[in-house]
Participant: 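I'd like to ask some things about the structure below.
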Amino acid sequence: CPYAFCSVEYIRIPLDMIEVGAKIENCSRMAFWDTDKVLLKNPVYKKENGLMINTKLKTVLYADKSVSKVIIPDGIKKIGAYAFAGLNVESVTIPESVKEIGFQAFAGCDNLINLAIPSSVKEIGEYCFSQCRNLNELLLSKKLEKQSENIFSSFDEERKSLIIYY
């Protein structure tokens, strides 16, 4: 992340901004990313159950560090890149409205044991489940249109046997 070691304490997002670029979104857990100060003043973004949501794009951008049981709200179409990466997520409920899961969305979620991806999901990004060391079962639909060859990292190759297609 290009902003990992900077001293920025506050970012002003204009009220008409619809999308925050990936370079900023990928820094979602940096100290300067304060949803209460930044996002709640912009009607495009909202915080719901510890999730930062872009309401125009219907995308979950990230979750607060304290979130362990994730319930994605109905109507969300995408789980963004790095949305839950490195968090202590134990369970995730994904509604049928979700169509896409981004790059490394669940990477490093060591407390995630099993996950069912609904048949509405058509695309899963690269390394989405890399370093999920305790993931024992991943349910994917046979209707999945675009699944990266590398949904696990090269260190997790043996984990591909955990995928169950329904």
Side-chain angles (χ1 to χ4, degrees), residues 1-4 6 8-13 17-118 120-140 148 151-153 156 159:
C1 172
Y3 304 102
C6 69
V8 174
E9 293 179 9
Y10 183 82
I11 296 174
R12 171 166 276 147
I13 296 178
M17 181 179 272
I18 294 174
E19 184 173 6
V20 178
K23 289 183 181 176
I24 295 291
E25 287 175 5
N26 297 348
C27 300
S28 60
R29 279 172 283 288
M30 296 299 161
F32 66 83
W33 196 254
D34 186 338
T35 58
D36 294 334
K37 288 182 181 177
V38 177
L39 299 173
L40 298 179
K41 294 178 181 180
N42 184 322
V44 172
Y45 297 93
K46 74 174 182 176
K47 193 172 183 181
E48 184 176 328
N49 299 325
L51 304 177
M52 183 176 111
I53 297 170
N54 180 316
T55 60
K56 292 278 189 201
L57 299 177
K58 299 181 191 278
T59 300
V60 172
L61 299 176
Y62 79 93
D64 290 342
K65 291 179 183 180
S66 62
V67 173
S68 63
K69 296 183 186 338
V70 175
I71 299 174
I72 307 288
D74 195 36
I76 295 295
K77 296 195 179 302
K78 181 178 179 180
I79 298 172
Y82 305 99
F84 303 101
L87 296 182
N88 292 319
V89 173
E90 296 172 4
S91 67
V92 181
T93 302
I94 302 173
E96 287 289 331
S97 60
V98 173
K99 308 287 183 223
E100 181 181 346
I101 301 175
F103 178 80
Q104 289 193 1
F106 295 97
C109 290
D110 284 340
N111 292 336
L112 194 58
I113 295 171
N114 56 50
L115 183 60
I117 306 294
S120 62
V121 173
K122 302 301 180 200
E123 183 175 341
I124 296 179
E126 283 193 310
Y127 307 112
C128 188
F129 306 104
S130 69
Q131 306 291 317
C132 292
R133 292 177 180 93
N134 294 310
L135 187 64
N136 289 325
E137 183 178 76
L138 177 61
L139 299 175
L140 297 178
S148 167
I151 62 170
F152 298 103
S153 70
D156 298 327
R159 305 207 64 76

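The chain is numbered in sequence order, starting from 1.
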Participant: Please report the shortest heavy-atom distance between Thr55 and Pro43, naming the atom on each side.
Facilitator: OG1-O, 3.6 Å
Participant: side-chain contact (heavy atoms from CB on, under 4.5 Å) for Val89 and Asn111? Distances and angles first, verdict last.
Facilitator: CA-CA 6 Å; Val89 173; Asn111 292 336; over 6 Å; no
Participant: Apply side chain to side chain contact (heavy atoms under 4.5 Å, CB included) to Lys58 and list each qualifying residue two or more places apart in sequence or on a separate chain.
Facilitator: Lys77
Participant: Measuring from Tyr127:OH to Gln104:CD, what's the distance to the nearest 0.5 Å?
Facilitator: 8.5 Å
Participant: At what distance, to the nearest 0.5 angstrom, does OH of Tyr82 lie from CZ of Phe103?
Facilitator: 4.0 Å
Participant: Of all residues at least two apart in sequence or in a different chain, which pass the side chain to side chain contact (heavy atoms under 4.5 Å, CB included) check with Asp110?
Facilitator: Arg133, Asn134
Participant: State, with a plain yes or no, whether a side-chain heavy atom of Asp64 is found less than 4.5 Å away from one of Lys47.
Facilitator: yes
Participant: Taking all non-hydrogen atoms of both residues into account, name the closest pair between Ala116 and Ile94 and its distance.
Facilitator: O-CD1, 4.4 Å
Participant: Can you measure from CG (Leu115) to CZ (Phe106) and round to the nearest 0.5 angstrom?
Facilitator: 5.5 Å
Participant: May I ask you to test the Phe84-Val67 pair for a side-chain heavy-atom distance under 4.5 Å?
Facilitator: no
Participant: Which of these, Leu87, Val92, Asn88, sits in a side chain to side chain contact (heavy atoms under 4.5 Å, CB included) with Leu112?
Facilitator: Val92
Participant: Please find the pair of heavy atoms, one from Cys132 and one from Gly108, that lie closest to each other, and give the distance.
Facilitator: SG-N, 4.1 Å
Participant: By side chain to side chain contact (heavy atoms under 4.5 Å, CB included), which residues pair with Ile71, not counting sequence neighbours?
Facilitator: Thr93
Participant: Closest heavy-atom contact between Cys128 and Gly102?
Facilitator: SG-O, 3.9 Å
Participant: If you look at every heavy atom in Gly80 and Ala105, which pair is closest and at what distance?
Facilitator: O-CB, 3.7 Å
Participant: If I compare all heavy atoms of Ser97 with all of Ser120, which pair ends up nearest, and what's the gap?
Facilitator: N-OG, 4.2 Å
Participant: With sequence neighbours excluded, what pairs up with Glu123 under the side-chain hydrogen bond (donor to acceptor under 3.5 Å, both in side chains) test?
Facilitator: none
Participant: First locate atom CD1 of Ile113, then atom CG of Leu135, and finally report the distance between them rounded to the nearest 0.5 Å.
Facilitator: 9.0 Å
Participant: Got a sec, which residues hit salt bridge (Lys or Arg N to Asp or Glu O under 4.0 Å) with Lys69, two or more places apart in sequence or on another chain?
Facilitator: Glu90
Participant: Listed by chain and number, what are the side chain to side chain contact (heavy atoms under 4.5 Å, CB included) partners of Val121, not counting sequence neighbours?
Facilitator: Val98, Ile101, Ile117, Pro118, Ile124, Leu144
Participant: Can you tell me how far CG of Leu61 sits from CE of Met52, rounded to the nearest 0.5 angstrom?
Facilitator: 4.0 Å
Participant: What distance separates Tyr45 OH from Thr59 OG1, expressed to the nearest 0.5 Å?
Facilitator: 9.5 Å
